[in-house]
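See structure below.
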Protein chains: 2
Amino acid sequence: MATLRDVAREAGVSVATASRAINGLGNVTAPTRAAVMAAVKKLNFVPHSGARSLTRRKTDTVGVILPDLFGEFFSEIIRGIDLVAHEAGMHLLLGNMHGSTHETAAAIASMRGRVDGLLVMPPDLKPELLADYLDPALPTVLLNYDAGSLDLPFVAVDNYRGAYAMTEALLARGARQVVHIAGPKHNRDARDRQRGFVDAMTKVGGVRNPAILPGDFSEESGLKAARLLLEGQLPADAVFAANDQMAVGLIAGLAEAGKAVPGNMMVAGFDDIPLARHLNPSLSTMQVHIDRLGSTAMMMLLRILRGETLGAASATILTPALIARGTTDAMAIAGTPA
Amino acid sequence: MATLRDVAREAGVSVATASRAINGLGNVTAPTRAAVMAAVKKLNFVPHSGARSLTRRKTDTVGVILPDLFGEFFSEIIRGIDLVAHEAGMHLLLGNMHGSTHETAAAIASMRGRVDGLLVMPPDLKPELLADYLDPALPTVLLNYDAGSLDLPFVAVDNYRGAYAMTEALLARGARQVVHIAGPKHNRDARDRQRGFVDAMTKVGGVRNPAILPGDFSEESGLKAARLLLEGQLPADAVFAANDQMAVGLIAGLAEAGKAVPGNMMVAGFDDIPLARHLNPSLSTMQVHIDRLGSTAMMMLLRILRGETLGAASATILTPALIARGTTDAMAIAGTPA
DNA sequence: TTCGCCCGTGTAACCGGTTACTCTGCGGAT
DNA sequence: ATCCGCAGAGTAACCGGTTACACGGGCGAA
């Protein structure tokens with residue numbers, strides 16, 4: 001592979017001149033520039049980005065560290081990030097911690113010298129621990145993680161408000177006994193959604209101890225919840241699953257037992273995955289523009305890279321929107337409370 | 001940020017010793033190593049991967065260049081790649097050409113010096129043109145692209161065989177007049193699927209000019225095809241869409257017109273996106289393990305990086321599997337040909 | 001004519017690591 | 001006691017670019 005030295009020799013100039021000509025800097029006469037360009041073409045020279053970024057102290061790359069790559073959630077985040085990054089001429093370096101907290105440190109460390117900034121979606125570990133891993137000198141924006149004590153900018157979804165709104169909507173549609181299917185216990189999103197549900201039930205529904213079934217965000221666990229619900233003869237006229245995936249499983253479980261949705265029971269989810277619209281009846285849910293989570297974070301990172309100083313104060317909280325569809329059709333349930 | 005020189009000074013040794021100690025090479029006494037490690041801890045030293053890869057001539061990174069990041073197809077490919085790459089301790093550098101052929105060259109060029117190898121899914125351009133872009137010195141595996149004249153290894157899906165098999169299956173289930181909804185004209189996958197359909201119809205079905213409606217892989221175009229089909233009064237008892245997305249739109253269009261699936265018309269797709277199982281009735285389709293496309297390609301790349309020489313001869317062709325579901329339920333259609 | 005300035009170009013240091021080669025000193029063999 | 005071998009450590013070149021600074025020549029001003 002040809003190096004800049006080769007080009008310079010071929011063109012009969014010094015490396016400095018070759019470099020200037022190639023990068024379109026001033027102080028190069030037209031003939032000289034032409035000679036260099038000819039050499040570039042002849043030798044098929046392509047600048048070595050690695051070497052370049054070493055001196056420039058700039059890699060034009062942003063590291064993206066996610067807990068997983070499974071499912072639409074992460075791919076949408078990546079797409080959102082890429083949308084903005086591409087516009088700014090930056091590349092994405094993916095670091096997958098594969099769910100392991102331990103690998104997080106390694107993933108972050110291996111980014112040093114490869115990226116100009118970091119977009120991190122931490123697993124559910126203590127902020128102090130995270131602070132140990134992160135390099136304070138490296139611009140970092142957190143995804144879906146309230147920095148708390150750390151003074152880092154972050155982008156998150158207002159899960160609490162979203163869950164509250166959905167619960168309220170179910171109550172407004174006539175449901176009295178709403179059951180929640182929770183997400184993984186250690187998951188921040190899941191906890192916030194559960195809090196929103198409980199608070200809405202208490203304050204708006206006047207229910208003292210709202211019913212909650214365990215789940216883990218998987219379709220499978222939604223199915224299990226349906227069985228639990230029916231076998232346990234838990235009185236319920238609506239179920240609010242902490243995510244769409246579980247709602248899908250839940251509906252399958254209800255259908256299995258001959259329960260009509262929304263006829264016997266209303267169902268709602270959270271996330272608005274594409275599948276939601278295609279179910280029959282279609283699934284009511286809280287719409288989260290996941291890609292915006294990524295693009296917003298990337299835009300914040302770009303601002304930091306441009307010299308602005310952003311702290312936790314400049315966090316962005318995205319509010320999900322209520323999408324009412326078939327599974328919470330109030331008309332259907334009106335006459336037939338379970 | 002602390003450099004190796006800082007660590008060496010702090011530990012009272014030379015950079016060479018510090019480097020050896022940190023990398024666990026021999027020729028370092030235990031006390032010396034301990035001193036270096038203490039300095040590392042004290043200064044919070046993290047090696048600069050960029051500098052390291054410059055001398056090692058190894059980046060532990062593989063460049064992934066895709067035409068787009070939209071939809072499940074690409075995210076599954078990335079996940080498949082990551083699965084294998086992570087195992088081998090490699091990172092993924094994403095290069096998105098955003099559908100533009102022109103950007104392809106830039107994307108590939110900007111990878112030089114950043115990656116050890118390339119996984120490229122080229123848009124539908126001439127192989128000779130692609131050869132111009134690619135660096136012959138950089139190990140490269142193509143995704144979903146028959147190298148043709150180039151002697152590059154590639155991984156692809158046998159779209160022709162898949163389409164042929166599905167068409168055959170529809171015929172076997174009693175369909176006589178199968179209509180195909182084609183994908184984008186310039187798309188290689190789409191063309192192969194269409195060829196498979198046409199050949200099966202001709203050879204197995206004995207149909208001279210099988211009916212084909214235009215499409216572009218989008219749900220929207222599937223919906224349009226349904227309208228075209230019904231308004232045009234094209235005789236049909238089965239529709240084979242070139243991908244699931246269009247099949248979904250098609251089914252919506254048929255439902256709109258009061259046509260029952262599979263009662264009035266059987267429907268089949270291609271890809272087996274997750275949504276397929278959840279439709280009601282569930283969608284028959286050709287299952288493509290998209291993630292394997294990525295993981296297989298990555299495994300081939302690793303072999304090249306280990307020193308093996310792989311050419312077009314070592315290409316892998318993945319054969320999709322027929323998944324018969326509700327939309328092609330033969331029993332339902334038996335008595336009611338449209 | 002001479003001085004000073006600026007423009008085009010070259011030299012070499014530098015980015016932050018790795019590593020070939022060199023050097024020193026100590027233990028064992030002769 | 002002398003020599004050899006080798007382990008532990010250091011010096012400096014190198015990876016492939018960028019760029020501060022030096023340098024020489026041409027031109028306008030005095």
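By convention in this document, chain letters (A, B, ...) are assigned in the order of the sequence lines, proteins followed by strands, and residues within each chain are numbered from 1.
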Residue pair A/Asn23/B/Thr29 against DNA chain D: nearer the 5' end by closest nucleotide is B/Thr29
When you match A/His48 and B/Gly12 each to their closest nucleotide on DNA chain D, which lands nearer the 5' end? B/Gly12
Look at all strands and tell whether [X] reaches a base, only sugar-phosphate, or nothing, counting heavy atoms closer than 4.0 Å.
X	answer
B/Arg112	sugar-phosphate
A/Ser19	base
A/Val13	sugar-phosphate
A/Val28	sugar-phosphate

Specify the separation, in whole Å, of atom [atom1] of [X] and atom [atom2] of [N].
X	N	atom1	atom2	value
B/Asn27	C/dG25	CG	C1'	15 Å
A/Arg20	D/dG17	CZ	C1'	13 Å
A/Arg33	C/dT9	CZ	P	10 Å
A/Arg114	C/dC15	CZ	C1'	16 Å
B/Leu54	C/dC15	CG	P	14 Å
A/Phe45	D/dT18	CZ	P	7 Å
A/Leu25	C/dG8	CG	P	13 Å
B/Leu4	C/dG16	CG	C1'	8 Å

Does a donor on one side chain sit under 3.5 Å from an acceptor on the other, for B/Arg303 and B/Ser314? no
Please assess A/Ile78 against A/Leu94 for the test side chain to side chain contact (heavy atoms under 4.5 Å, CB included), listing each intermediate value before the final yes or no. CA-CA 9 Å; A/Ile78 293 177; A/Leu94 248 49; 4.2 Å; yes
How far apart are the C-alpha atoms of A/Asp189 and A/Tyr145, what are their side-chain angles, what is the distance that settles it, and do they pass the side chain to side chain contact (heavy atoms under 4.5 Å, CB included) test? CA-CA 9 Å; A/Asp189 293 340; A/Tyr145 187 92; over 6 Å; no
Could you walk me through whether B/His98 and A/Glu87 pass the side chain to side chain donor-acceptor pair (under 3.5 Å) test, one step at a time? CA-CA 11 Å; B/His98 287 250; A/Glu87 200 70 28; over 6 Å; no
Below 3.5 Å, does any donor atom in the side chain of A/Arg56 face an acceptor in the base of D/dG17, or the other way round? no
Can you tell me if the side-chain N/O atoms of B/Arg52 get under 4.0 Å from OP1 or OP2 in D/dC15? no
At less than 4.0 Å, is any side-chain N or O atom of B/Thr55 found next to OP1 or OP2 of D/dC15? Yes or no. no
Closest heavy-atom pair and its distance - B/Leu130, B/Pro122: CD2-CG, 3.8 Å
Of the listed nucleotides C/dT9, D/dG17, C/dG16, the one nearest the side chain of A/Thr17: C/dT9
Can you identify which nucleotide, out of D/dG17, D/dC15, C/dT9, has its nearest atom closest to the A/Thr32 side chain? C/dT9
